There are 2 protein chains.
Amino acid sequence: MPAAAPRADNRLPLVLDAAARLFRERGYAVTSMRDIAADSGMLAGSLYYHFASKEDLLVAVYAEGVKRITAAVEEALRAPGEPWERLERVCAAHLSALLDDSDYGQVVIRVRPDDVPDVARRLAELRNGYERLFARAVDALPLARKADRRALRLMLLGALNWSQTWYRSGQDSPAAIARRFVRLLHGSTL
Amino acid sequence: MPAAAPRADNRLPLVLDAAARLFRERGYAVTSMRDIAADSGMLAGSLYYHFASKEDLLVAVYAEGVKRITAAVEEALRAPGEPWERLERVCAAHLSALLDDSDYGQVVIRVRPDDVPDVARRLAELRNGYERLFARAVDALPLARKADRRALRLMLLGALNWSQTWYRSGQDSPAAIARRFVRLLHGSTL
DNA sequence: TGGAAAACCTAACGCTTGTTAGGTATAGTC
DNA sequence: GACTATACCTAACAAGCGTTAGGTTTTCCA
């Protein structure tokens with residue numbers, strides 16, 4: 001049978017990194033395949049050896065982003081502790097993956113599925129998959145039966161995701177932001 | 001002196017409406033001048049009688065959006081009532097302008113200033129101007145001295161703005177969402 | 001009713017875009 | 001050391017983009 005061995009000079013990782021960085025910095029629509037190729041030391045046409053289209057490249061970056069956020073949050077969920085404390089750690093992990101860690105996580109928040117109609121569904125499914133994980137941390141909270149867990153989840157997640165708009169590294173740390181937000185909901189200091 | 005009278009067949013309002021609708025539906029980068037012109041019953045070149053560039057057109061739409069949101073929130077601020085109650089009304093007005101009222105308000109949230117570098121500063125200033133107004137509703141709250149008003153403002157505004165992502169008209173009304181969010185922070189039922 | 005500005009059309013420019021067909025060198029396997 | 005799939009380059013395509021110069025019609029005012 002034919003040997004299907006990858007080679008060492010494969011620049012696919014470079015392509016993904018460059019795409020993630022540019023999608024995050026400028027947005028998907030404004031970034032051209034030539035931009036990505038140039039940052040990878042390649043030419044535009046060569047990208048089509050790895051991806052069938054620009055949209056497929058986005059899906060790959062997006063999926064990697066979801067994967068990283070998921071991994072960070074899953075780790076925060078595993079650690080022991082009281083439910084509110086664990087939620088705070090989950091939010092801190094979410095924020096870290098969103099603001100500090102890498103370009104991949106930021107792409108997941110920055111790029112709207114609707115902006116790329118042809119793959120909008122796949123992107124939305126990827127994001128929804130993660131949000132179900134986040135919901136677990138909210139469901140574990142000891143709340144009154146009539147409490148609106150959905151509203152709490154949507155509010156918290158929205159506030160976290162929007163932080164990409166105003167966050168400037170060097171001021172508040174993701175952990176500090178997460179603590180403040182969760183305590184506003186916990187209502188101990190109000 | 002020469003008469004500078006505008007004419008009745010002026011299609012500028014149509015152009016603004018079409019641009020607002022398309023910028024909201026598809027995003028700024030994906031929308032072409034030809035799309036906007038076609039929806040206004042005109043040709044692409046004709047748009048340049050009203051606007052010097054595509055970016056200028058965006059600024060006009062964006063400014064109108066900020067104006068409408070501001071008007072709605074100012075009205076909510078004028079009405080009498082207890083501070084928490086007034087904040088709830090402000091949030092409801094903000095959400096209405098964002099989700100229901102028109103395309104203009106949605107453009108303000110949907111289009112990121114960074115996506116359009118040449119006019120990013122002007123867009124950001126427009127948005128900041130409004131957010132200072134929103135801050136007044138938060139500053140009026142009777143909180144403990146050490147309470148973090150900035151975090152509360154950022155959390156609430158982020159949660160509201162992000163609602164554009166998951167909101168589907170027909171389910172929850174903006175007023176209902178605003179009430180739930182504000183009460184989560186007020187902490188009376190938790 | 002004449003004149004002039006307002007509002008738009010026509011037609012095209014130069015450029016960038018995503019994408020492709022076909023050729024080439026390199027690396028790993030037998 | 002021949003062979004083959006891998007990984008990329010070359011060169012170009014058609015289509016769409018924002019924008020512009022110059023001409024044409026329409027509306028308003030005096």
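Each chain gets a letter, A, B and so on, in the order the sequences are listed, and its residues count up from 1. Quantities reported herein were computed from a predicted structural model and do not represent experimental measurements.
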Enter the distance from [X]:[atom1] to [Y]:[atom2] here, rounded to the nearest 0.5 Å.
| X | Y | atom1 | atom2 | result |
| --- | --- | --- | --- | --- |
| A:Tyr167 | A:Leu99 | OH | CG | 5.5 Å |
| A:Arg11 | A:His50 | CZ | NE2 | 8.0 Å |
| B:Leu154 | A:Ile177 | CG | CD1 | 8.5 Å |

Touch check for B:Thr31, heavy atoms < 4.0 angstrom, all strands: base, sugar-phosphate only, or nothing?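 B:Thr31: backbone/sugar contact only, no base atoms under 4.0 Å.
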
Donor-acceptor check, side chain of B:Arg149 to backbone of B:Leu141, threshold 3.5 angstrom: yes or no?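 Judged by distance alone, yes, a pair lies under 3.5 Å.
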
Treating B:Asn128 as the side-chain partner and B:Ala124 as the backbone partner, does any N or O pair qualify as donor plus acceptor under 3.5 Å?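 Yes; judged by distance alone, with no hydrogens or angles, the pair exists.
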
Flag the pair B:Arg183 and A:Asp148 as a salt bridge only when some basic side-chain nitrogen lies within less than 4.0 angstrom of an acidic carboxylate oxygen.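 Not counted as a salt bridge, because no side-chain N and carboxylate O are separated by less than 4.0 Å.
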
Any [X] side-chain nitrogen or oxygen under 4.0 Å from OP1 or OP2 of [N]:
| X | N | answer |
| --- | --- | --- |
| B:Tyr48 | D:dT20 | no |
| A:Ser46 | D:dC9 | yes |
| A:Arg11 | D:dA7 | no |

Tell me which nucleotide among C:dT19, D:dT19, D:dC8 gets nearest to the side chain of A:His50.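 Within the option list, the nearest is D:dC8.
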
Between atom [atom1] in [X] and atom [atom2] in [N], what is the gap in whole Å?
| X | N | atom1 | atom2 | answer |
| --- | --- | --- | --- | --- |
| B:Asp56 | D:dG18 | CG | P | 14 Å |
| A:Tyr28 | C:dT17 | OH | P | 13 Å |
| A:Tyr49 | D:dT10 | OH | C1' | 18 Å |
| A:Leu43 | C:dG23 | CG | P | 18 Å |
| A:Leu47 | C:dT17 | CG | P | 13 Å |
| B:Asp118 | D:dG18 | CG | P | 14 Å |
| B:Phe51 | C:dC8 | CZ | P | 11 Å |
| B:Asn10 | C:dA5 | CG | P | 17 Å |

Could you tell me whether A:Glu131 atom CD has more than 12 heavy atoms of other residues or ligands within 6.0 Å of it?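 Check passes, neighbour count above 12.
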
First of A:Gly41 and B:Asp35 reached from the 5' end of DNA chain D, by closest nucleotide: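 By nearest-heavy-atom nucleotide position, the 5'-most residue is A:Gly41.
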
Could you list all the salt bridge (Lys or Arg N to Asp or Glu O under 4.0 Å) pairs where at least one residue sits in [range], not counting sequence neighbours?
| range | result |
| --- | --- |
| residues 87-98 of chain B | B:Glu85-B:Arg89 |
| residues 151-163 of chain A | none |
| residues 118-129 of chain B | none |

Inter-end axis angle, the helix from C:dT1-D:dA30 to C:dC30-D:dG1, with every axis fitted to five base pairs (rounded, 10 degrees):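 The end axes of the helix from C:dT1-D:dA30 to C:dC30-D:dG1 are about 10° apart, to the nearest 10°.
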
State, with a plain yes or no, whether a side-chain heavy atom of A:Val108 is found less than 4.5 Å away from one of A:Tyr130.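 Counting from C-beta outward, A:Val108 and A:Tyr130 never come under 4.5 Å.
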
Would you indicate whether the side-chain heavy atoms of B:Tyr104 and B:Val66 approach each other to under 4.5 Å?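 When only atoms from C-beta onward are counted, B:Tyr104 and B:Val66 do not touch, as no gap falls below 4.5 Å.
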
Give every pair of a protein N or O atom and an N or O atom of nucleotides 24-27 of chain C that lie under 3.5 Å apart, one pair per line with the distance.
residue, atom, partner, partner atom, Å
C:dT26, O2, A:Arg7, NH1, 2.8

Please enumerate all protein N or O atoms sitting under 3.5 Å from an N or O of nucleotides 14-16 of chain D, with distances to 0.1 Å.
none

